[in-house]
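What follows is one structure encoded as structure tokens, with my remarks underneath.
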Amino acid sequence: MEQVDKETSAREELTLSLGPQHPATHGVLKLVLELEGETVAKCTPHVGYLHRGVEKLGENRTYLSALPLTDRLDYVASMSYNVGYVVAVERLLGVEPPERAKFIRTMVSEMARISSHLLWLATHALDIGAMTVFLYAFREREWINDLFEMLCGARLTVSYPRIGGVRNDVSQEFLDSLWKFTEEFPGRLLEYETLIDQNRIWLKRTIGIGVVSAEDAANLGLTGPMIRGSGVPYDLRKFAPYDAYDQVEFDVPTGTNGDTYDRYRVRMEEFRQSNGIVRQCIEKLPPGPVMAPDAPKFTLPPKEKVMEDMEALIHHFVLVTKGPITAPEGETYSAIEAPKGELGFFFISDGSGTPYRMRIRTPSYVHALALPYLTEGSFVADVIAVIGTADLVLGEVDR
Amino acid sequence: MEPLQIADKIKEKFPEAVVSASEYRGQAAVVLKKESILGVAGWLHDEPDMSMDLLKDLCGVDYFGKKEPRFEVVYHLYSIKHRHMIRLKAQVPEDDPKIQSVMPVWKGADWHERECFDMFGIEFEGHPDLRRVLLPEDWEGHPLRKDYPLEGPGPDKEWPAYKEVLDKAKRFKEFEWNR
Amino acid sequence: MTGFLETMFSPGSADMILTIGTIVVKIAILIGIVLLHVAYAPYFERKVIGHMQVRMGPMRVGPHGLLQPIADGLKLFFKEDIIPAQADKSIFYISPVICLFTAMSTLAVIPIFGGFVIANINIGILFVLAMSSLGAYGIVMSGWSSNSKYAFLGGLRSSAQVISYEIAMGLSLVGVIIMSGSLNLTDIVAAQEAYPLKSFIIPQIIGFFVFCVAAMAETNRTPFDLPEAESELVAGYFTEYSGMRFALFFLAEYIGMLLMCAIAAICFLGGWNGPFEVPYIPFFWLLVKVYAFMFIYYWVRATVPRYRYDQLMSLGWKLMIPLALFNVVLTGTIKMLR
């Protein structure tokens, strides 16, 4: 009798290696799933396929030249990551950017948020099977990329902000095109929502999937829309305003149940809020310089000045070759609200032109570690939905 | 609560654990002895005045040749309720690179601790699954240590799997069209 | 001609040979038409979905991409046929053939217009259902023999799905059978002429709805494309297939779709009967109905997301089958009372 029991109870688990090459993992994420039928018994994420050692690279570059590294963290919203980096360095060095630069940065990081959320919506919908939303969302993302190109010449890896301001002023033409975008974008949002918002299948696939309670979300370290979907209004734009976020009005949308549908709703609402912030920034954009004029030891002087002024030439030479060598000793942790969540930079400065330690706290890294908590006990199809809702970008997971 | 006030409270509560406290640009840092980290972390998480429910970040720092003890593990704690932050720094000596895991307090410390182990070789006692996370399992050395060679371990000490790939590429050359 | 045959063979068998000859010619015509259709159905699909998704669809090969199907076919034909080392070879070889064979043989009982049917058998509907169930074997065997986990899961899902929706589909057709009193597809079309719109669409609206849903599930189309859900199972049961073998699956899938559209047009929409006669093209109305139906397939694919496995099952067993049974009871009661 006992033997029979043993034989029947010895179920064979199917180990499915989802990724690193798989259509739904958005990059090189590998999930080892142990399946009982279609149910996930255990989920083990493996990351690191894209590890480039950005932290080590940052420790061996000057504060100025490490900026392009941050483009490559989250390559779908590189503008936000640039802004996060320069805000952190400015805090460490004690540089105050001019008002106009603050507004421009706020504007472009909200554009990056829209762009990043569009990519999230596109891939999330495609994973669940709604193919048309993918192409609709990409239509608008293309538009934003065109705007970025108009602004700074690059579409994806922008490297537009600078320590102490931004690289160049915005043109009136750019502002007009952006205004036109903000006028049309809410209508486009309605198009997406018509397709999926009330769709029965969409609701069935997202409501009650990947549920995380408010306490668990905080305990796991989830940030951004992942924690706001659970009803915690944790948004660094409100909690610790940087740039011009204390001068614009917006709401922080939150969910109630903490499931995939709530996170979807939160992000859809964030589209509208971001759109509103961009409009306010255009309206309130103050005149003035776009680089901090009173910090010559930390910010690059304008090119014309370098050609004429001896002092500016020396500053330029030292900054480019050795970095800001008069940086104060100290350590700061500075975080911004990136589209995916809290992006933190922890710097330890030893008074040289390079950071002694540069630590990047990326939101997707924490969200990736939460995948087992969100997926175990659900179906394979839900794993795909949860990967979509976590909005992972492997560039920033692996750094 | 003001950052320094939190530091003072920690000092009050754990007088023998705190080595020093400092403030820079409105952020307070408390340097702790490594034995007390789990106690302090648990207290900060549970004390209603503190309620540090969010572990923002956990990372290691290597003060090679600058300071003794060599390593520090840095914790950034935040309270969503009270909106205050504190930085804890636990000192870890080079000859005994071990510290207690804060996994019992914050589940989110999981991968941060694994990364710290991966990059600095600091072992976290009580961590349920302490493996390398970003680097391959059979990687040698801990790259974020300051004495790790910047240009890699050198041609004769390559990562074995990379050598394998190179060998394979050489072998498969014979199947190429224009060999 | 007949005289020549009489000299060659004994008297009496001439008629048989003539019949066989006619059938062979008919088969050749039908296969020619179907293959041409199957070549252009994906093109039609890509164009339709493309325009729904604010893009153009194929545009490069030929004017408006009209030669795209031919280019695709050539590419598939000349591609290397990769067989996984761990695959169960004989089953791996045979399963796409099973899929295609079952789909093709079903074509035999489909009447294109009055009188043009290869095999006018009395159990037409039964044959169609039997063959489409048999097609599931091809899918299960391909999933199993590939020795790949994704293909295996795809095969499992597909078998479960086909079995559950087969029932709903069969039951939805029972109403039609009750009303026409025959399993022969030509007779069913003839029986519809007495009804409004020359079709069963109004009296059998519930059956038609169940049939449409079941047909989508049966042919693994969105929103029921779980066996080949690309975001979950890469390509499902044919993940490991390449080149010509993949093309066979592809052919079978599109022939299956065409068949389901044809069955729907014949059993519910009145077959080749239309509001008026179109001279010289007797199959005109059937073609229109089939294409309209196909358009709906494509439309649905461009619109809705995908069901989850358990939701698909509960939809099949808890909604579609009871609905179909209710339809059977209703139709039977009305038939009895008349």
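Sequence lines set the chain letters: A, B, ... in the order given, protein chains first and strands last, and positions in each chain run from 1. The figures that follow rest on heavy atoms only: side chains count, while hydrogens, waters and symmetry mates do not.
Heavy-atom pairs under 4.5 Å with chain B were tallied for A:Thr223, A:Leu220, A:Asn219; the largest tally goes to A:Asn219. Ranked by heavy-atom pairs shorter than 4.5 Å toward chain B, the options A:Asn60, A:Leu57, A:Val366 are led by A:Asn60. Heavy-atom pairs under 4.5 Å with chain B were tallied for A:Arg361, A:Glu215, A:Glu55, A:Glu59; the largest tally goes to A:Arg361. Between chain A and the options B:Lys66, B:His45, B:Arg83, the largest number of non-hydrogen pairs under 4.5 Å is found for B:Arg83. Your options are A:Tyr333, A:Tyr234, A:Tyr373, and the one with the most heavy-atom pairs under 4.5 Å with chain B is A:Tyr333. For the set A:Ala370, A:Gly94, A:Ala217, the entry with the most heavy-atom pairs within less than 4.5 Å of chain B is A:Gly94.
Aromatic ring pairs are classed by plane angle as parallel below 30°, tilted from 30° to 60° and perpendicular above 60°; the pair A:Phe239 and B:Tyr78 is tilted.
B:Lys146 NZ: more than 12 foreign heavy atoms inside a 6.0 Å radius. Atom CD of B:Glu140 has 12 or fewer heavy atoms from other residues, nucleotides or ligands within 6.0 Å.
Looking at B:Val105, only its backbone comes within 4.5 Å of chain A, counting heavy atoms on both sides. Heavy atoms closer than 4.5 Å to chain A are found in both the backbone and the side chain of B:His112. Residue B:Leu135 touches chain A through its side chain alone, counting heavy-atom pairs closer than 4.5 Å. Contact of A:Ile360 with chain B is not made at all, since no heavy-atom distance falls under 4.5 Å. Only the backbone of B:Asp62 comes within less than 4.5 Å of a heavy atom in chain A; its side chain stays farther off. For a residue to count as touching a neighbouring chain, one of its non-hydrogen atoms must lie under 4.5 Å from one of that chain's; by this rule B:Tyr63 touches chain A with backbone and side chain alike. In this structure, the portion of A:Glu329 lying under 4.5 Å from any heavy atom of chain B is its backbone and not its side chain. Only the side chain of B:Ala29 has a heavy atom closer than 4.5 Å to any heavy atom of chain A.
At least one cation-pi condition fails for A:Arg357 and A:Phe346: the charged atom is not both under 6.0 angstrom from the six-membered ring centre and inside a 45 degree cone around its axis. A cation-pi geometry, defined here as NZ or CZ lying under 6.0 Å from the six-membered ring centre and within 45° of its normal, does not hold between A:Lys102 and A:Tyr242.
Contacts with chain A (heavy atom to heavy atom, under 4.5 Å) involve these residues of residues 113-125 of chain B, listed by number: B:Glu115, B:Met119, B:Phe120. Within residues 84-94 of chain B, the residues approaching chain A closer than 4.5 Å by heavy atoms are, in numerical order, B:Met85, B:Arg87, B:Lys89.
The heavy-atom pair separating A:Lys56 from B:Tyr148 by the smallest distance is NZ-O, 3.8 Å.
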